[in-house]
Amino acid sequence: MEEKLTQRSVWEKILNKLRKRSLWMLHYCTGCGAIELPPTMTARFDMERFGITPMVTPRQADILLITGYLSAKTLKRVILTYEQMQAPKWVVGFGSCTINGGMYWNSYATIKKLDRYVPVEIYIAGCMPRPEAIINSFNVLIQRIDEGKANSWKDYYENYDYYKKNQEAVLGKFDTLVDIKDDAKKFNIV
Amino acid sequence: MEYKTENEIIKEIKKVFKQAKCSIKKERRIEVILNKRNIMEFALRMQKNWDFPHLSAISCVDWIDEKQFELVYHFWSYNKKVLVSAKIRIPREKEPHTDSIASLWQPAKFFERDIHEMFGVVFDGNNELEKYILTDWDGPPPMRKDFITREFALNFYSYREYNPEWLQEIIKQGDKND
Amino acid sequence: MIEKREYELFIGPNHAGISGNYSLHLTLEGDKIIKAKTDAGYLHRGFEKLMEERLFIQNIAIVCRICVPDPDPNEENYARAIEEIAGIEVPERGKYIRTLVLELARLASHLFTFGGHAGSIGLYSLPNWTVADRDRIMELFEELTGGRVYHIFILPGGVRRDIPKGFKKRVMEVMDYLEKRLPEYDDLFFENAIFIKRSKGIGIMTPEQAITWGATGPNIRACGIPADIRKDDPYEAYPYIDFEIPTRTEGDAYARAMVRRAEFVQSINIVRQVIENMPEGPVWNKIPNPLKWKVPAGDAYVRTESSKGEFAYYLVSNGGQKPYRVHVRGASVTHGVHILENLLVGARIEDASQIMFSLDACPPEIDR
Amino acid sequence: MSTILWIVFYPIIAFIIGLFMLGYARKFTARVQRRYGPPWHQLIFDIVKLMSKKTNISHGYMHDIAIMMLLGGTLLTLLFIPVPGFHYFAQYGDMLVIMYIILIPSLGMALGVGETANPNGSIGISRALMMLAGYDVAFALSFIGMAMLNHTTSMYQLMLIQQQHGISSWGIVVNPFLGIAALIALQGMMGEKPFEVFIAPHEIATGPMVEMGGKYLGIMMIQHCIGVFLEITIFINLFLGGAKNWIELIVKLFVVFTVLLSVNAVFGRFRTDDAVRFMWKIPVAFAIIGLLIVIL
């Protein structure tokens with residue numbers, strides 16, 4: 001997924017400058033790393049300084065945090081949630097469990113490589129990353145948005161079949177009520 | 001006689017279940033080996049007459065060599081402060097049947113449903129034995145010893161290929177000197 | 001006849017009112033809940049299976065990852081089960097340090113639950129205060145064990161290392177700080193008129209129900225039964241420490257919160273006692289070479305009082321290098337499933353998330 | 001000519017003031033929670049981000065109209081509020097007109113959210129309308145008291161009277177009971193805790209806004225900015241003697257908003273029926289006492 005720099009019109013640059021300071025994170029703790037989110041949100045590490053606040057519904061959220069391992073049952077809900085989110089959306093993978101299965105590499109229930117199922121923008125190292133690492137990753141995400149390089153979400157629309165094939169390999173046939181290809185054409189993303 | 005309460009309890013159990021083998025493993029721990037037919041009555045007496053109101057857990061151990069499942073019922077008494085672990089053995093078939101004590105103990109509903117899911121043991125009398133944790137899992141009961149999770153994971157999920165040059169050199173050096 | 005129209009509402013896995021990844025399937029009529037069915041399994045990793053494929057020493061790293069808010073009772077249970085089977089004796093100082101770690105974990109977990117409970121009724125200022133103060137304890141853990149949340153510190157035979165110089169003074173400072181903060185929590189939350197109005201009479205459990213449903217820990221002590229494993233089935237250094245078991249009689253969400261608050265005060269004085277009379281001596285009783293170590297055959301049922309209730313391990317070893325079977329009995333196995341379903345019936349939607357937070361149900365323990 | 005200029009620029013000024021008020025609200029709550037909080041102009045980033053979303057899921061034609069109705073209702077109400085320098089509409093429309101028009105945004109939201117067919121949304125709407133019934137009683141009573149006191153129902157005359165006679169004639173000074181009743185009703189109207197029952201994230205996942213995303217949420221946020229400015233200005237005009245110039249208005253806005261936020265930061269949420277029961281008990285009692293004083 002090379003850095004596809006869209007032709008950067010001035011308007012897009014200004015938008016990115018303003019857009020980068022307001023990222024709404026989905027309040028969904030999918031795994032064990034979610035215990036480090038409250039300290040990041042509350043008084044000591046306070047990520048609201050960067051304009052990042054937890055939002056409750058996928059419609060309003062921009063960042064989907066996959067905090068640690070992802071069991072197959074949660075994967076189905078994560079895919080449903082991811083497809084409900086509005087377009088410039090980014091997935092942040094916490095810890096080594098999303099990179100290569102982590103400590104549960106030989107478990108029958110968890111998936112091993114996250115970006116086969118949803119396009120991932122940023123991985124954070126650590127078997128449960130610390131609050132400082134989480135805030136550092138948000139800053140990297142802000143910088144990538146600023147430079148217009150945070151385009152992993154376009155990948156989901158462009159080669160949706162690749163993702164669909166992997167998802168159904170693990171979960172079998174299931175319908176997410178969201179027609180991605182039709183959305184891609186309707187909102188001319190592809 | 002430093003295990004006073006423990007011996008009293010064993011005497012009471014022995015009175016009713018003659019052939020039960022009772023032993024004191026350590027302070028506050030009694031082990032009772034029963035026949036699988038009278039676990040239902042044992043549980044009833046535990047709750048009603050012998051004042052053991054708390055069913056801490058029902059564990060299931062898969063003795064694959066002896067072709068048996070072992071169900072261990074842990075009862076705890078708040079007043080006597082003793083834990084009685086009643087063990088029964090059931091044959092290790094595809095769907096072994098045993099009596100359910102869910103009607104007496106509410107926590108047993110969860111444990112029996114969990115053991116049904118993980119081992120495939122059917123508890124007669126418990127009508128809530130549906131899939132609860134492994135709803136999206138259609139494989140064999142995973143906790144049985146003959147299901148190897150490592151093999152399943154390696155060929156069901158795909159891993160990230162990661163062999164950078166520095167790793168290959170180390171492997172090469174390794175091959176040279178052993 | 002008024003025509004009753006019921007509808008279903010999924011308080012699904014992705015919901016702010018649910019602690020962790022867990023979902024409730026409610027059948028409602030208007031605002032009242034008629035039938036509730038919990039749905040777990042979202043955090044299932046098959047721990048018990050993974051532990052059967054690892055050596056005894058390898059399991060130490062994976063064991064603490066079962067319950068996230070309160071990981072230390074897992075390590076404690078696993079280590080003590082092996083010691084019981086193999087007959088290893090833990091030195092006195094090791095026992096005291098283990099008790100210190102367990103009580104600090106209880107304080108951290110209680111602070112987390114105060115915040116969760118306050119968040120569930122809309123008071124978002126308290127989570128900010130309590131989670132920030134919880135970070136002071138996280139720093140102590142980081143200094144002692146190297147990890148903020150997962151400590152991998154309690155090994156079979158004792159603890160991994162002795163406490164560093166000056167650590168006792170810092171623990172005392174944090175304890176004084178927490179004690180100074182408690183009155184402010186009272187003003188903001190525990191004596192807040194709206195919290196009392198919202199939580200009194202919600203999710204009431206009678207003492208008989210508490211026993212038959214298998215409630216343990218703060219939930220049963222809130223119904224007036226002083227059942228605490230640290231007193232009934234003492235382990236580590238608890239026999240040498242004197243502390244009371246706080247109980248209340250109402251058995252509702254308010255009583256459970258107040259019992260946790262009283263336990264918080266008790267834990268602070270336990271930590272002080274442990275620090276004051278901690279004996280000198282070794283902290284770890286050397287076990288044979290861990291890579292080839294064969295634990296003799298046998299089984300043990302070991303119980304610990306975690307902040308959520310009775311946490312028990314049933315460990316069976318057949319004399320091999322790997323544990324033959326580990327059954328994890330999480331504390332929320334009864335609270336989060338059947339007790340929650342029973343208490344939700346008749347409650348209203350607003351109280352659904354508060355009942356779950358007051359029971360302190362922690363989904364990873366249910367799914368393992 | 002100047003009226004047209006005013007009609008165009010007045011909503012923009014109201015939006016900007018409301019924007020900084022909400023930025024101040026987030027910073028104030030953050031400071032109560034012992035943390036640093038976002039910058040003042042955080043809402044500019046939020047609204048620009050929402051407006052520049054690529055996919056905006058619409059839930060049908062009615063849903064789009066309702067969002068327009070929401071914003072339109074608020075702008076219409078805004079024009080009838082007298083502010084320093086602009087009171088052309090206010091002369092003709094009195095307080096009863098404002099009380100009527102102010103309900104349009106709530107009904108618009110109810111219409112639109114009903115279309116999204118999300119149970120959380122419909123529960124949120126039923127709560128919002130119940131809350132509306134709750135605080136409107138106290139608000140209406142306190143307004144009737146002020147109208148009888150000054151023998152006029154037009155907000156503009158009320159404001160002029162209070163400005164001429166100085167502080168002694170302010171509504172809250174003359175009859176504090178009506179003032180307190182209106183203040184509590186205002187807390188409910190603004191949806192601040194303890195009356196924030198319809199945006200309860202922990203119970204019904206932000207209630208009505210559960211299916212709103214992208215541009216729709218952006219417009220709702222603009223409406224919320226203007227709504228904040230509007231509701232507090234009504235209270236100021238009725239009870240704090242309006243404002244001769246914009247500086248005085250802004251100062252009063254932030255003072256009243258601080259009072260509301262300080263209650264919002266340290267209280268939990270009522271249950272829906274408790275909230276309405278509270279609203280019909282205490283503020284209504286204050287209002288009746290105030291009315292009795294006015295009558296006798």
Side-chain angles (χ1 to χ4, degrees), chain B residues 25-29 31 47 53-65 70 72-74 76-85 87 102 104-111 113-115 117-119 128 130-137 142-145 147-153, chain C residues 37-46 48-50 52-53 84-85 87 208-216 220 225-229 231-234 298-303 310 312-316 318 324-330 332-339 341-342 366-368:
Chain B
K25 294 198 31 217
K26 86 180 176 77
E27 206 204 349
R28 295 188 298 275
R29 288 293 184 283
E31 192 189 66
Q47 192 176 38
H54 180 56
L55 170 70
S56 179
I58 306 176
S59 320
C60 177
V61 184
D62 174 6
W63 298 103
I64 191 161
D65 319 332
E70 181 187 40
V72 187
Y73 295 74
H74 306 278
W76 167 261
S77 153
Y78 289 116
N79 312 339
K80 296 174 184 157
K81 300 199 184 346
V82 166
L83 184 95
V84 169
S85 303
K87 300 189 175 184
L104 293 166
W105 308 81
Q106 162 138 23
K109 280 188 194 148
F110 176 84
F111 296 121
R113 181 172 58 185
D114 192 42
I115 292 170
E117 244 184 331
M118 298 293 177
F119 289 89
E128 280 177 27
E130 88 282 356
K131 275 194 184 284
Y132 178 65
I133 289 177
L134 303 164
T135 46
D136 288 3
W137 167 259
M143 283 302 290
R144 287 190 175 214
K145 283 288 182 188
F147 172 79
I148 311 294
T149 179
R150 181 196 305 256
E151 278 160 23
F152 176 84
Chain C
K37 176 92 182 59
T38 58
D39 175 18
Y42 295 100
L43 299 163
H44 177 66
R45 299 147 279 183
E48 292 158 1
K49 194 71 187 178
L50 299 183
E52 284 165 13
E53 293 202 353
E84 233 176 81
I85 298 173
E208 299 74 29
Q209 279 172 340
I211 291 181
T212 47
W213 289 349
T216 54
I220 198 166
I225 300 158
D228 188 326
I229 299 173
K231 280 276 196 231
D232 304 346
D233 193 351
D299 66 342
Y301 191 74
V302 173
R303 306 164 72 221
E310 173 200 3
Y313 267 45
Y314 179 62
L315 192 126
V316 176
N318 63 351
Y324 190 74
R325 167 75 168 114
V326 183
H327 175 59
V328 174
R329 191 263 185 207
S332 315
V333 137
T334 50
H335 304 158
V337 184
H338 285 102
I339 291 182
E341 282 169 5
N342 296 346
I366 301 166
D367 311 340
R368 295 180 302 280

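Chain A is the first sequence line, chain B the second, and so forth, proteins listed ahead of strands; every chain is numbered from 1. All values reported here derive from a predicted model rather than from experimental measurement.
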C:Ile229 side, atom CD1; B:Ser56 side, atom OG - distance, nearest 0.5 Å:
7.5 Å
Compute whether any side-chain donor of one residue and acceptor of the other, for C:Asn342 and B:Gln106, lie under 3.5 angstrom apart.
yes
Measuring heavy-atom distances to chain C, does B:Arg29 have an atom under 4.5 Å in its side chain, in its backbone, in both, or in neither?
side chain
The reported gap from CD in C:Glu48 to CD in C:Glu53 (rounded to nearest 0.5 angstrom) is 13.5 Å
Can you confirm whether or not the ring centre of C:His327 sits under 6.0 Å from the ring centre of C:Tyr313?
no
I want to check a possible cation-pi pair here: C:Arg303 against B:Trp76, using under 6.0 Å from ring centre and within 45° of the ring axis as the test.
yes
Checking B:Lys80 against chain C: side chain, backbone, both or neither under 4.5 Å from a heavy atom?
neither
At a 4.5 Å cut-off on heavy atoms, which part of B:Glu31 comes close to chain C: side chain, backbone, both, or neither?
side chain
Check whether B:Pro142 gets within reach of chain C through its side chain, its backbone, both or neither, counting any heavy atom under 4.5 Å.
backbone
Using a cut-off of under 4.5 Å on heavy-atom pairs, state which of C:Asp367, C:Val316, C:Thr38 scores highest against chain B.
C:Thr38
Applying a strict 4.5 Å limit to non-hydrogen atoms, the region of B:Trp137 in contact with chain C is neither
So which part of B:Ile58 gets closer than 4.5 Å to some heavy atom of chain C, the side chain, the backbone, both or neither?
backbone
Do the side-chain N and O atoms of B:Ser77 and B:His54 include a donor-acceptor pair separated by under 3.5 angstrom?
no
Can you tell which part of B:Leu83 gets under 4.5 Å to a heavy atom of chain C, answering side chain, backbone, both or neither?
side chain
Let me know if B:Arg113 has heavy atoms under 4.5 Å from chain C in its side chain, its backbone, both or neither.
side chain
Between C:Ile366, C:Ile339, C:Val333, C:Thr212, which has the largest tally of heavy atom pairs under 4.5 Å with chain B?
C:Val333
Quick check on the interface: out of C:Tyr42, C:Tyr301, C:Trp213, who has the most heavy-atom pairs with chain B under 4.5 Å?
C:Tyr301
Please look at B:Asp62 and chain C and tell me whether the side chain, the backbone, both or neither of the residue comes under 4.5 angstrom of a heavy atom of that chain.
backbone
As an exercise: rank C:Ala215, C:Gly214, C:Ala300 by heavy-atom pairs under 4.5 Å with chain B and give me the winner.
C:Gly214
Bottom line for B:Val72: the part with an atom under 4.5 Å from chain C's heavy atoms is side chain
Ring center gap for B:Trp105 and B:Phe111 short of 6.0 angstrom:
no
Please report the C-alpha distance between C:Thr216 and C:Arg329 in whole Å, then the side-chain angles of each, then the deciding distance to 0.1 Å, and finally whether the side chain to side chain contact (heavy atoms under 4.5 Å, CB included) criterion is met.
CA-CA 12 Å; C:Thr216 54; C:Arg329 191 263 185 207; 4.3 Å; yes
To the nearest 0.5 Å, tell me how far B:Leu134 CG sits from C:His44 NE2.
4.5 Å
Charged N-O contact under 4.0 Å between B:Glu130 and C:Lys37:
yes
With respect to chain C, which residue among B:Lys145, B:Glu27, B:Gln47 yields the maximal number of heavy-atom pairs within a distance under 4.5 Å?
B:Lys145
Counting only heavy atoms closer than 4.5 Å, note whether B:Glu117 contacts chain C via side chain, backbone, both or neither.
neither
Looking only at the side chains, is there a donor atom on one of C:Tyr314 and C:Asp299 sitting less than 3.5 Å from an acceptor on the other?
yes
Side chain, backbone, both or neither: which part of B:Lys25 has an atom under 4.5 Å from a heavy atom of chain C?
side chain
